[in-house]
There are 2 protein chains.
Amino acid sequence: MSIRIILADDHKIIRDGLRSLLEKEDDIQIIAQADDGRKTIELVTELTPDVVIMDIGMPGLNGIEATRHIAHEFPKVKTIALSMHSDKRFVTEMLKAGASGYLLKNCAFEELATSIRTVVDGKTYLSPAITDIVVDNYIRSTPDTQPTVYSTLTNREREVLQLLAEGRTTKQIAIQLYVSTKTVETHRAKIMKKLDIDNMATLTKYAVREGLTSLES
Amino acid sequence: MSIRIILADDHKIIRDGLRSLLEKEDDIQIIAQADDGRKTIELVTELTPDVVIMDIGMPGLNGIEATRHIAHEFPKVKTIALSMHSDKRFVTEMLKAGASGYLLKNCAFEELATSIRTVVDGKTYLSPAITDIVVDNYIRSTPDTQPTVYSTLTNREREVLQLLAEGRTTKQIAIQLYVSTKTVETHRAKIMKKLDIDNMATLTKYAVREGLTSLES
DNA sequence: TGCTCAAATCAGGATTATCCCTATTTGTAT
DNA sequence: ATACAAATAGGGATAATCCTGATTTGAGCA
């Protein structure tokens with residue numbers, strides 16, 4: 001009895017490629033494909049597959065919401081997230097939603113096959129890069145709260161980060177906050193250390209992703 | 001004599017999938033793969049393939065710049081753009097850069113195979129959705145309503161901007177481009193003057209909006 | 001052919017920003 | 001009462017930035 005799989009990704013050629021790869025495995029069988037979250041849920045309801053390979057970024061209903069729904073309604077159906085992002089928030093949300101695996105799109109095919117057999121076996125499979133994030137998060141987490149990257153920054157640090165990401169100089173920020181430039185420097189250094197970022201370009205992108213500033217201007 | 005192809009995409013599993021699909025075609029042969037623009041150029045120089053399947057969004061040197069370089073240095077090597085975007089600006093720039101084909105990632109595999117044979121035959125292949133854009137543009141033949149990074153910045157400046165927005169230091173960029181740090185500084189200064197931007201945060205946002213770099217990482 | 005101009009390259013020197021380390025004060029939770 | 005994180009800030013070394021000026025190369029054109 002082979003493992004029955006539904007592929008969900010909004011890019012057809014990627015689905016085709018994955019199908020072509022998976023067809024080579026004797027114990028794996030693609031039974032359907034979907035290009036958005038809603039379609040995926042319909043197919044799962046109809047076919048109850050063993051595994052869903054789920055892209056995160058899909059139009060309409062995204063992969064995270066679809067996974068949440070499937071995990072709730074069909075606990076036996078395992079979901080493996082296939083994502084371009086190693087962004088912590090996506091990982092966190094996807095795992096909270098009930099995914100049994102999380103793979104990055106730059107992984108090798110062997111990893112996909114391995115992950116499928118792993119989740120069918122009732123275990124969790126994560127890409128190595130993802131494991132790092134999850135472990136890191138676990139180490140930092142207290143029994144009570146599950147701190148996100150966002151909550152690791154203090155109010156003052158977020159304030160400074162926002163101003164930095166809006167393009168202000170250290171001096172301007174110091175004047176605006178009525179502190180010395182050295183203080184602003186210290187805040188920035190702590191922010192960067194906490195986020196493991198060492199340049200303004202990456203820091204700016206982080207701030208945009210976190211909604212602290214917009215892409216405009 | 002089969003068609004010799006180089007695959008360039010920064011996601012390994014996508015390359016694997018495409019390879020798996022293309023291997024089924026008797027007249028098509030994958031001779032190498034690359035995960036960024038610079039590597040692609042090196043491989044083209046070394047192997048002179050018939051066709052390069054080129055992802056647009058790659059780190060370091062992006063697909064548009066790589067295509068421009070290849071089309072100029074190796075006119076016999078055909079490039080097919082494989083993109084998630086149907087954004088007019090990407091299409092325009094990719095075709096201007098010298099691409100012989102433009103496919104959307106949600107196309108069917110048959111289209112990819114067809115496009116390869118079409119460009120080898122010396123013709124141009126466009127996804128239907130792309131054809132609409134190009135035809136629409138041709139009919140109206142209006143100049144671009146708003147200038148993009150491609151009209152205001154030189155090739156070298158765009159290259160530097162992309163690296164800056166990816167978080168590289170001046171020194172790293174100088175080393176990568178085999179020029180002095182002073183040269184990189186000059187490019188950056190010119191970029192900022194042209195765009196009327198005076199800080200890295202705003203410059204990074206600009207690069208993201210223009211598609212030179214992604215928000216991730 | 002010679003001219004012009006933009007693009008790409010780089011230097012010197014002055015000014016700022018950043019990095020790394022250390023330290024004090026203050027509020028808060030136990 | 002104490003322990004700890006947050007906010008503040010300085011000193012000194014290193015690196016980036018700003019401003020000015022200069023050379024080379026190639027493309028376009030009278």
Side-chain angles (χ1 to χ4, degrees), chain A residues 139-145 147-204 206-207, chain B residues 38 41 61 64-65 68-69 71-73 75 96-98 147 149-204 206-207:
Chain A
I139 289 171
R140 291 192 210 209
S141 68
T142 64
D144 294 330
T145 53
T148 65
V149 176
Y150 201 70
S151 68
T152 64
L153 295 187
T154 67
N155 294 347
R156 197 56 152 176
E157 285 164 357
R158 265 201 304 281
E159 200 173 353
V160 170
L161 173 53
Q162 178 171 347
L163 292 167
L164 284 169
E166 284 172 355
R168 317 291 176 84
T169 64
T170 303
K171 195 183 286 184
Q172 289 173 335
I173 296 172
I175 291 168
Q176 179 163 344
L177 301 182
Y178 302 106
V179 296
S180 86
T181 57
K182 282 296 187 176
T183 301
V184 177
E185 278 181 30
T186 304
H187 284 310
R188 197 208 26 240
K190 279 207 79 175
I191 293 166
M192 286 181 157
K193 191 178 179 196
K194 281 183 178 180
L195 302 178
D196 194 24
I197 289 173
D198 70 352
N199 65 82
M200 265 313 295
T202 308
L203 189 64
T204 303
Y206 173 86
Chain B
R38 206 163 299 281
I41 291 174
L61 190 68
I64 294 176
E65 303 301 336
R68 195 187 318 281
H69 189 273
H72 186 256
E73 298 296 320
K96 270 192 200 164
V149 66
Y150 293 102
S151 56
T152 54
L153 298 185
T154 67
N155 294 351
R156 198 56 154 175
E157 285 165 356
R158 272 197 305 280
E159 202 173 353
V160 170
L161 173 52
Q162 177 173 350
L163 292 167
L164 283 169
E166 284 173 357
R168 317 292 176 84
T169 64
T170 304
K171 194 183 288 183
Q172 288 173 334
I173 296 171
I175 290 169
Q176 178 163 348
L177 300 181
Y178 302 105
V179 296
S180 85
T181 56
K182 284 295 186 179
T183 302
V184 177
E185 280 182 30
T186 305
H187 284 310
R188 185 177 35 70
K190 280 208 79 176
I191 293 165
M192 287 182 157
K193 190 176 179 194
K194 280 183 178 180
L195 302 177
D196 195 24
I197 287 173
D198 69 352
N199 65 82
M200 266 312 296
T202 308
L203 191 64
T204 303
Y206 175 86

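Everything numeric here is computed off the predicted structure, so don't read it as measured data. The chains referred to below are lettered A, B, ... by the order of the sequence lines, with proteins before strands, and numbering in each begins at 1.
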Kindly say whether, by distance alone, the side chain of B:Glu185 makes a donor-acceptor pair under 3.5 Å with the base of C:dC10? no
Between C:dG13, D:dG12, C:dT9, which nucleotide has the shortest distance from any of its atoms to the side chain of B:Lys182? C:dG13
Using the side-chain heavy atoms of B:Arg156, tell me which of these nucleotides is nearest: C:dT9, D:dG10, C:dA7. C:dT9
Phosphate-side-chain proximity, B:Thr170 and D:dT17, N/O vs OP1/OP2 below 4.0 Å: yes
Going by modelled atom types, is there a donor-acceptor pair between the base of C:dC10 and the side chain of B:Thr183 at under 3.5 Å? no
Run the numbers on B:Arg156 and B:Glu159 for salt bridge (charged side-chain N to carboxylate O under 4.0 Å, His left out), then give the verdict. CA-CA 5 Å; B:Arg156 198 56 154 175; B:Glu159 202 173 353; 3.2 Å; yes
Which of these nucleotides, C:dC10, D:dT8, C:dA17, is closest to any side-chain atom of A:His187? D:dT8
Whole-Å distance, A:Ile191 CD1 to D:dT8 P, equals 12 Å
Calculate the interatomic distance between A:Ile173 atom CD1 and D:dA9 atom C1'; express it in whole Å. 16 Å
Minimum-distance nucleotide to B:Arg188 side chain [options: C:dA11, C:dA7, D:dT17]: D:dT17
Quick check for you: among D:dA6, D:dA7, C:dC10, whose closest atom lies nearest to any side-chain atom of B:Val179? C:dC10
In whole angstroms, how far is the C1' atom of C:dA7 from the CZ atom of B:Arg158? 13 Å
Side chains of B:Arg158 and B:Arg68: closer than 4.5 Å at any heavy-atom pair? yes
Taking any heavy-atom pair under 4.0 Å as a contact, classify A:Thr186: base, sugar-phosphate, or nothing. base
Taken to the nearest whole Å, CE/A:Met200 to P/C:dT18 is 8 Å
Return the value, rounded to whole Å, for the distance between atom NZ of B:Lys190 and atom C1' of C:dA7. 7 Å
Between C:dC10 atom P and B:Ile175 atom CD1, what is the distance in whole Å? 13 Å
Counting neighbours of NZ on B:Lys194 that are heavy atoms of other residues, nucleotides or ligands and sit closer than 6.0 Å, is the number greater than 12? yes
Distance in angstrom units between B:Lys171 NZ and D:dT14 P, rounded: 11 Å
Starting from the C-alpha separation in whole Å, work towards a yes-or-no answer on side chain to side chain contact (heavy atoms under 4.5 Å, CB included) for B:Leu177 and B:His187. CA-CA 12 Å; B:Leu177 300 181; B:His187 284 310; 6.0 Å; no
In whole angstrom, give the distance that lies between atom NZ of A:Lys193 and atom C1' of C:dC19. 13 Å
Evaluation steps, side chain to side chain contact (heavy atoms under 4.5 Å, CB included), between A:Met192 and A:Leu203: CA-CA 8 Å; A:Met192 286 181 157; A:Leu203 189 64; 3.8 Å; yes
